[in-house]
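Notes follow once the structure below has been shown.
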Amino acid sequence: MKTVTLHPKREFSLQRRHPWVFSGAIAHIDGDPQKGGTVRVLSSDGTVLGVGAFSPESQIRIRMWCFEEREINAAFIAERLGAAIGGRATLLGENVTNAYRLVNAEADGLPGLVVDRYGDWLVCQFTTVGAERWKAEIVEALRALVPCEGIYERSDIDVREHEGLPPSTGVLAGGPPPDRVEIVEHGCRYRVDVREGHKTGFYLDQRDNRALVKRFANGCDVLNAFSYTGGFGIAAVAAGAASVTHVDISEPALALARENTTLNTCHAEASTFIQGNVFEVLRTFRDAGRSFDLIVLDPPKFADSRGSLMKATRGYKDINLLGMKLLRPGGLLATFSCSGVMTAEMFHKVVSDAAVDAKRDLQIIKRLQQSEDHPEGLCFAEGLYLKGLFCRL
């Protein structure tokens, strides 16, 4: 095992069990570690801080497997996977869903690995060279731990570029998944495109928040902005919403939203689908004097780095200001940011600034985050990437 020694006073984050070592913290490296290979991490005085996966092309040079000296092998991987998967058994109530996250990267002690279950199919993302290095062992352990029809890879996200990895998709075990995998969530049915859809096919992290919107949607005129394949709006229709307006820039996503709406209700006429830039569509609604009882703003990630954060805050403020202008008195707003670099405190400020400019007074009914099968490590604040506010005008 190669050894990496840190500069003086750079061991504090590891002593606090934060799993990242940045390149600037490293004083010297003993030998030439392989890409994704396991390295021993030492403080400047030679104290062993743990072992991690070495990534020569990333600013995050090491992602820690554990904070002790231990051999990383197939048995270690299987142990971590077993603990992660076993922990999900108590998180979800009976018959809530057949689609959920089994492994959530750093939070489960497996940096760079995401595994989602969609019925009889598993979908994996390997985002770091450490996870990539152990891909075969991970797949073998998953097959032993989780009976399934097949395991499919969706490692086609930009973050792999920072690790020097090309995109990778395809069958890892079993047969290929069908064009649409049907899942059930809180009584609603959704067809998911696990091969081409966003993330691994569906926004599983919004499950609890869809259930919250469903509680309040009866009789409401609902605006589902950045609707993707209809999740929030379909939950609203199932709860008895008077109408739902889905808005998204992607026509294929809206086509699947129509399909999902028909799958769930005989009142498909209560739903309308508008393809277009959400900012522009909401401005036309504002200018036409349209209004809604319940609005969901669930935009894509506006910021993927600190350098893009200021531009992102302007986008979040603008879309929230537009949404507030469209709310009826007593109306409800569910607004979200999935940008990991935007803290919950910063998002709160952006939304409150939008309320000031909109000249609207809102109450926070509830602070929102990702579903419970997407845990964050207690010492890894970056794991809380999804944050939201549920507000009443």
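The figures that follow rest on heavy atoms only: side chains count, while hydrogens, waters and symmetry mates do not.
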Inset, instruction - Step through the shown structure and confirm whether more than 12 heavy atoms of other residues, nucleotides or ligands are within 6.0 Å of CD on Gln275. - result: yes
Inset, instruction - Kindly state each residue pair satisfying salt bridge (charged side-chain N to carboxylate O under 4.0 Å, His left out) with at least one member in residues 216-239, sequence neighbours excluded. - result: Asp221-Arg328
Legend entry - More than 12 heavy atoms of other groups within 6.0 Å of Glu57 CD: yes
Legend entry - More than 12 heavy atoms of other groups within 6.0 Å of Arg40 CZ: yes
Legend entry - Donor + acceptor pair across side chains of His246, Asn224 (<3.5 Å): yes
Legend entry - Any Gln370 side-chain heavy atom under 4.5 Å of Leu384 side chain: yes
Legend entry - Tyr385 and Asp205 side chains, donor-acceptor separation under 3.5 Å: yes
Legend entry - Test item: side-chain donor near acceptor, Asp45 and Ser43, under 3.5 Å: yes
Inset, instruction - Considering non-hydrogen atoms only, spot the tightest contact between Cys188 and Ala238 and give its length. - result: SG-CB, 3.7 Å
Legend entry - Hydrophobic cluster partners of Leu254 (side-chain heavy atoms under 4.5 Å): Phe273
Legend entry - Modelled atom types, side-chain donor and acceptor of Tyr100 and Ser371, under 3.5 Å: no
Inset, instruction - Kindly indicate whether the side chain of Ile365, heavy atoms from C-beta on, has any atom under 4.5 Å from the side chain of Gln363. - result: yes
Inset, instruction - Applying ring pair (Phe, Tyr, Trp, His ring centres under 6.0 Å) between Phe232 and each of Phe336, Phe216, Tyr190, report the one that passes. - result: Phe336
Inset, instruction - Over 60° means perpendicular and under 30° means parallel, so classify the ring planes of His198 and Tyr228, tilted if in between. - result: parallel
Legend entry - Aromatic ring proximity Trp20/Phe380, centre distance under 6.0 Å: yes
Inset, instruction - Decide if atom CD of Glu196 counts as having more than 12 heavy atoms of other residues, nucleotides or ligands within a radius under 6.0 Å. - result: no
Inset, instruction - Please say whether more than 12 non-hydrogen atoms of neighbouring residues, nucleotides or ligands are located less than 6.0 Å from CD in Gln59. - result: no
Inset, instruction - Check the side chains of Thr127 and Gln125 for a donor-acceptor pair under 3.5 angstrom, ignoring hydrogens and angles. - result: no
Inset, instruction - Step through the shown structure and confirm whether more than 12 heavy atoms of other residues, nucleotides or ligands are within 6.0 Å of CZ on Phe22. - result: yes
Legend entry - Nearest non-hydrogen partners of Ser168 and Glu153, listed with the distance: OG-OE1, 3.2 Å
Legend entry - Validation row: His18, Glu382 side chains within 4.5 angstrom (heavy atoms): yes
Inset, instruction - Output, in order, the C-alpha distance, side-chain angles, deciding distance and verdict of side chain to side chain contact (heavy atoms under 4.5 Å, CB included) for Val296 and Asn209. - result: CA-CA 10 Å; Val296 179; Asn209 300 322; over 6 Å; no
Legend entry - Flag side-chain contact, heavy atom, 4.5 Å: Asn98 against Arg117: no
